Amino acid sequence: MKIWAIMLRILRQFRRDKRTLALIFIAPLVVLTLMHLVFNGKDYEPNLGIVQIPAPLVTSLEKQGATIFTYEDKERADQALDERKIDAIITQSGNGLDVKLEGSEPTVNKSVLMLLQKVSRELQPDVNGAADKMNVSYLHGSEDMTSIDQFGPILIGFFVFFFVFLIAGVSFLRERTTGTLERLLSTPIKRWELVVGYVGGFGIFTVFQALLISWFCIQVLGILMAGSFAFVLLLTLLLSMTALTLGTLLSAFANNELQMIQFIPLIIVPQLFLSGLFPLETLPEWLQQLKIVMPLTYGTEALSEVMIRGKGWDTIAGNIFVLIGFSLVFMLLNVLALRKHRKI
Amino acid sequence: MSHNESVIQATHVGKRFGKKMVLNDISLEVRPAETFGLLGPSGSGKTTLVKLLTGIDTVSSGEVRIFGTVMPKLSMLRQIGYMAQSDALYTELSALENLEFFAALYGMKGPRRKIRIREVMEIVALGDDLHKRVDQYSGGMKRRLSLAIALLHEPPLLVLDEPTVGIDPLLRQSIWSELKALNAKGTTILMTTHVMDEAEKCDRLGMIRNGALLAADTPSALISQAGKQTIEEAFIYYGGGES
């Protein structure tokens, strides 16, 4: 009887908490769908730039699924490669092929090389070790580049975002549940002062967090680092600012810590999937478009540009402004959300 | 501020949450340097009324004026020392750190802040526990610290929501004498209570039940007009007679 009483109580509590209920049933479906799309995507078909390649080779490259871009000279091809319009440049040299890979994504490199091997086996079935005739070079990274080098920037961005989001969100939520928010709002503090104070206080911690994490990943773990440390620092800092402002904003829509944690599968996990951890090109178009509204993707994208491709301000400036924009918008919305607790 | 002007003036104040009418047409006046008590059972709308009177929440109808200014107004919040029903304290911090934080929000600094912190902690008899973390405080101590914070910036109007819950009788008596001393210095006090004998200590009393103000007068006048012996009996009388 007592056990039944407890069971009944739990069922009743769940019925009252529709959100938790939805989370239990709906969230796994959402996450699993995402995973399905990510892992069951089509095989990646590389974009190849060619400079003066005999026609039969081009035909068989296309037959293997490659998209071919033809360039008149090497300079233009190089530029396209740098802009990541193509994954590799193929030119002929003597009796073999010169392959210059973009290099920053090991999975893409692999698919380019595999495709080329298939093609050359097809064209010269009698010659063994056709791959030997391939002369492979890399624009970024090298054949030594491992997955952690590729994922490092993404994971740095993700964990900074995740932890700051949760901690800032829960602590702002606590202000409300312990009544200190009401007490604060009974003093002549302005709502924006409260929000800016929060960002400032946590901001100091996030500066140290950004420093520590960036330093640890690059110096201790030895993750590939081609660009400037200052940019990495700036980007991690801006990412945590965005996470901080988003966390405090969303805490207004949670009634307790559990409901704050429920935002993880809704807000955090989808961002991780689209942050570049998996090749986006194989995902459906509509899903790729979602990343426009996801702060994390702007951060990880810029971090990858700096750490793997050694890019500087010109490349990441856009992403930096977007991150600042996100933070400002979230702060503004938070000031408005606080109207719920005090109109003035 | 002229002396005959009322400190709080509520005219036909109503408050609804969605469709539910929580407060209905309440008009009352709190005069300078008096202790005005709001007496009513829990759920009667006392806390809601207090939030309207202090400008934390806005009225659905009617008007609230504090020192002649229509509420809510941010600058008037400086005139009010508010003690909420729940102890809104940062339990990870020490009492001193809590006091310093709220002092800063009221723009207090330097030696004045230091002196005031000492003074208010003496008033609530927590002078020796200044450096203790609040999570080591008992319930009554937390209540007293909340009161100390409300007193901190020497507001001309004190609004106390159930200030003496969980405080032992001896200390309650000394807090009451402090409140009376504040009255004597010109501070106006508005407090809520559901304890009948405590209500008798107020200069004037508003009886509130189901969101309506039943009566407002001095405790003795309320008792004699009802032809009863105690506040409790008078409350039942004004509330419509059923017990």
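The structure presented is a predicted model; accordingly, all values stated were derived computationally and were not measured. Numbered from 1 within each chain, the chains take letters A, B, ... in sequence-line order.
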J.: Check whether B:K73 gets within reach of chain A through its side chain, its backbone, both or neither, counting any heavy atom under 4.5 Å.
T.: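 Contact with chain A: backbone only.
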J.: Which residues satisfy the salt bridge (charged side-chain N to carboxylate O under 4.0 Å, His left out) test with A:R183, sequence neighbours excluded?
T.: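 Partners of A:R183 under the salt bridge (charged side-chain N to carboxylate O under 4.0 Å, His left out) test: none.
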J.: Step by step, work out the ring pair (Phe, Tyr, Trp, His ring centres under 6.0 Å) result for A:F202 and A:Y198.
T.: CA-CA 6 Å; A:F202 274 92; A:Y198 247 77; 5.8 Å; yes
J.: Name the region of A:E175, side chain, backbone, both or neither, that has any atom closer than 4.5 Å to a heavy atom of chain B.
T.: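 Side chain only.
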J.: Are B:R112 and B:E119 within salt-bridge range, i.e. N to O under 4.0 Å?
T.: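 No.
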J.: Identify which part of A:I189 has an atom lying under 4.5 Å from any heavy atom of chain B, answering side chain, backbone, both or neither.
T.: both
J.: Among the options B:H153, B:M76, B:K51, pick out the one with the most heavy-atom pairs lying under 4.5 Å from chain A.
T.: B:K51
J.: Less than 4.5 Å apart, side chain to side chain, heavy atoms only: is that true for A:I268 and A:F161?
T.: yes
J.: Would you say the side-chain atoms of B:E198 and B:T164 include a donor-acceptor pair closer than 3.5 Å?
T.: yes
J.: Name all pairs fulfilling the side chain to side chain donor-acceptor pair (under 3.5 Å) condition that reach into residues 332-342 of chain A, sequence neighbours left out, sorted by first residue then second.
T.: A:T248-A:N334
J.: Under the side-chain hydrogen bond (donor to acceptor under 3.5 Å, both in side chains) rule, collect the residues that match up with A:R9, sequence neighbours excluded.
T.: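 By the side-chain hydrogen bond (donor to acceptor under 3.5 Å, both in side chains) rule, A:R9 matches A:Q13.
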J.: Relative to chain A, which segment of B:T54 carries a heavy atom at a distance below 4.5 Å: side chain, backbone, both, or neither?
T.: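 Neither part, no heavy atoms under 4.5 Å.
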J.: Using non-hydrogen atoms and a limit below 4.5 Å, what part of residues 89-98 of chain B faces chain A?
T.: B:L89, B:Y90
J.: Is a donor from one side chain sitting under 3.5 angstrom from an acceptor on the other, for A:Q209 and A:T206?
T.: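 Not at all, the side chains of A:Q209 and A:T206 share no donor-acceptor pair under 3.5 Å.
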